[in-house]
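What you see is a predicted model; the values in this text were computed from it and never measured. We use all heavy atoms of the structure for the numbers below, so side chains are in, but hydrogens, waters and symmetry mates are not.
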Amino acid sequence: MIEVEVVGVRIELPGNQPLVLLKETKGERHVPIWIGPPEASAIALAQQGVVPPRPLTHDLMLDVIQALGRSLVSVTIVSVEDSVFYAQLQFDDGTSVSSRASDALALALRSHCRIWCAEQVLDDAGVLIEIQDEDAEVARPAGGREDDEPDQAASSAAPATAEQEQELRQFREFLNGVEPEDFEP
């Protein structure tokens, strides 16, 4: 297992689909996970330390866990199948509960527990973003090596195509342009 952190929540344009971006704490791989608007809002509020006047669903869940004398010690992104991410909640008594990745991350941020990711998930869904200069970046699959043959997704062995550079530029603009207020109803 590899420890990861939540970089932030963003909106993918033009579809306005929210995603949460994870990053290895001691590495360069990033994992984008597309999530629903309510979970995006819950994650963004937790990242900002906003405490609502009445508990939201994830706040209520943590209140229930604490009322039962338990605490959440970690969450783990355990697998990805057909672009669906699966997670586990780990409690102080050794109990483990299956969870959607988005809910697990919202709970982790509220409880300030560690977030782990299975190496296979990082290999399958992770991406590296390499900065070549101020205007160009190359993204490649996290499992890729510099001597890999070029493929349709991206490759660090060959220069990025104009299409790849445009896609990466759009992704960067998307990541930089989203604010938590974008999730307010």
Side-chain angles (χ1 to χ4, degrees), residues 1-12 17-36 39-40 42-44 46-47 58 61-62 65 70-132 137-158 160 164-165 167-168 170-172 174-176 178:
M1 294 296 162
I2 296 171
E3 190 168 9
V4 295
E5 61 190 0
V6 176
V7 174
V9 175
R10 306 290 188 256
I11 301 293
E12 179 189 34
Q17 178 67 38
L19 67 83
V20 61
L21 188 64
L22 305 178
K23 181 187 176 297
E24 291 178 291
T25 57
K26 296 180 181 173
E28 295 301 317
R29 291 181 289 184
H30 291 77
V31 178
I33 302 174
W34 279 262
I35 59 177
E39 294 79 15
I43 291 169
Q47 271 198 304
H58 298 96
M61 181 69 157
L62 279 181
I65 291 167
R70 302 272 57 103
S71 64
L72 183 63
V73 295
S74 68
V75 302
T76 305
I77 310 300
V78 293
S79 66
V80 58
E81 298 172 22
D82 298 322
S83 300
V84 176
F85 289 79
Y86 297 87
Q88 291 284 326
L89 306 175
Q90 188 67 42
F91 295 93
D92 60 341
D93 66 350
T95 301
S96 184
V97 176
S98 180
S99 172
R100 297 186 306 176
S102 56
D103 291 326
L105 295 169
L107 290 169
L109 290 171
R110 283 169 171 72
S111 65
H112 307 286
C113 71
R114 295 175 92 175
I115 303 170
W116 299 95
C117 187
E119 177 105 30
Q120 189 64 48
V121 172
L122 282 160
D123 290 345
D124 292 345
V127 294
L128 292 174
I129 299 174
E130 298 176 3
I131 299 174
Q132 293 180 333
E137 290 183 348
V138 177
R140 62 182 166 96
R145 296 184 324 262
E146 292 192 23
D147 59 345
D148 284 345
E149 291 295 317
D151 64 18
Q152 292 179 0
S155 172
S156 63
Q164 290 169 328
E165 288 179 7
E167 185 177 337
L168 191 53
Q170 287 175 336
F171 184 65
R172 176 197 270 164
F174 155 73
L175 290 176
N176 290 331
V178 178

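- The line from CE of M61 to OG of S99 is 7.5 Å long, rounded to the nearest 0.5 Å.
- Inspection of the S96 and Q88 side chains reveals an N or O donor paired with an N or O acceptor under 3.5 Å.
- Evaluation of the side-chain contact (heavy atoms from CB on, under 4.5 Å) rule for A42 yields H58, A106, R110 as partners, not counting sequence neighbours.
- V84 pairs by the side-chain contact (heavy atoms from CB on, under 4.5 Å) definition with Y86, not counting sequence neighbours.
- The heavy-atom pair separating L19 from P32 by the smallest distance is CD1-CB, 4.4 Å.
- Between A104 and V75 the shortest heavy-atom distance is O-CG1, 3.6 Å.
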Open item on the list: Could you walk me through whether I2 and K26 satisfy the side chain to side chain contact (heavy atoms under 4.5 Å, CB included) test, starting with their C-alpha distance in whole Å, then the side-chain angles of each, then the deciding distance to 0.1 Å, before giving a yes or no?
Closed with: CA-CA 9 Å; I2 296 171; K26 296 180 181 173; over 6 Å; no
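- For the side chain to side chain contact (heavy atoms under 4.5 Å, CB included) criterion with R114, the lone passing option out of Q90, M1, E3 is E3.
- Note that CD of E12 is 7.0 Å distant from CD of Q17, once rounded to the nearest 0.5 Å.
- Put simply, the side chain of E39 never gets that close to the backbone of R100: no donor and acceptor are under 3.5 Å apart.
- Contact between S74 and C113 at its shortest, heavy atoms only, is CA-SG, 3.7 Å.
- Within the 4.5 Å cutoff, no side-chain heavy atoms of V80 are placed close to those of V31.
- Minimum heavy-atom separation, Q47 to V9: OE1-N, 4.1 Å.
- No side-chain donor-acceptor contact under 3.5 Å links E81 to the backbone of F85.
- Between R10 and L21, the closest side-chain pair of non-hydrogen atoms is not below 4.5 Å.
- Taking each heavy atom of S102 and I43 in turn, the nearest pair found is O-CD1, 3.8 Å.
- Separation of atoms CD (E119) and CG (D124) is listed at 10.5 Å; rounding is to 0.5 Å.
- At least one side-chain heavy atom of E28 sits under 4.5 Å from a side-chain heavy atom of K23.
- With contacts defined as side-chain heavy-atom distances shorter than 4.5 Å, the pair S83/W34 does not qualify.
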Open item on the list: Go through it in stages, so that I can follow the logic: the residues are L89 and I65, the test is side chain to side chain contact (heavy atoms under 4.5 Å, CB included), and I'd like the CA-CA distance, side-chain angles, deciding distance and then a yes or no.
Closed with: CA-CA 12 Å; L89 306 175; I65 291 167; 5.8 Å; no
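- Taking V4 as the reference, L22, I115, C117 meet the side-chain contact (heavy atoms from CB on, under 4.5 Å) condition, with sequence neighbours excluded.
- Residue I77 comes nearest to A101 through the heavy atom pair CD1-CB, 3.8 Å, listed as atom of the first residue, atom of the second, then distance.
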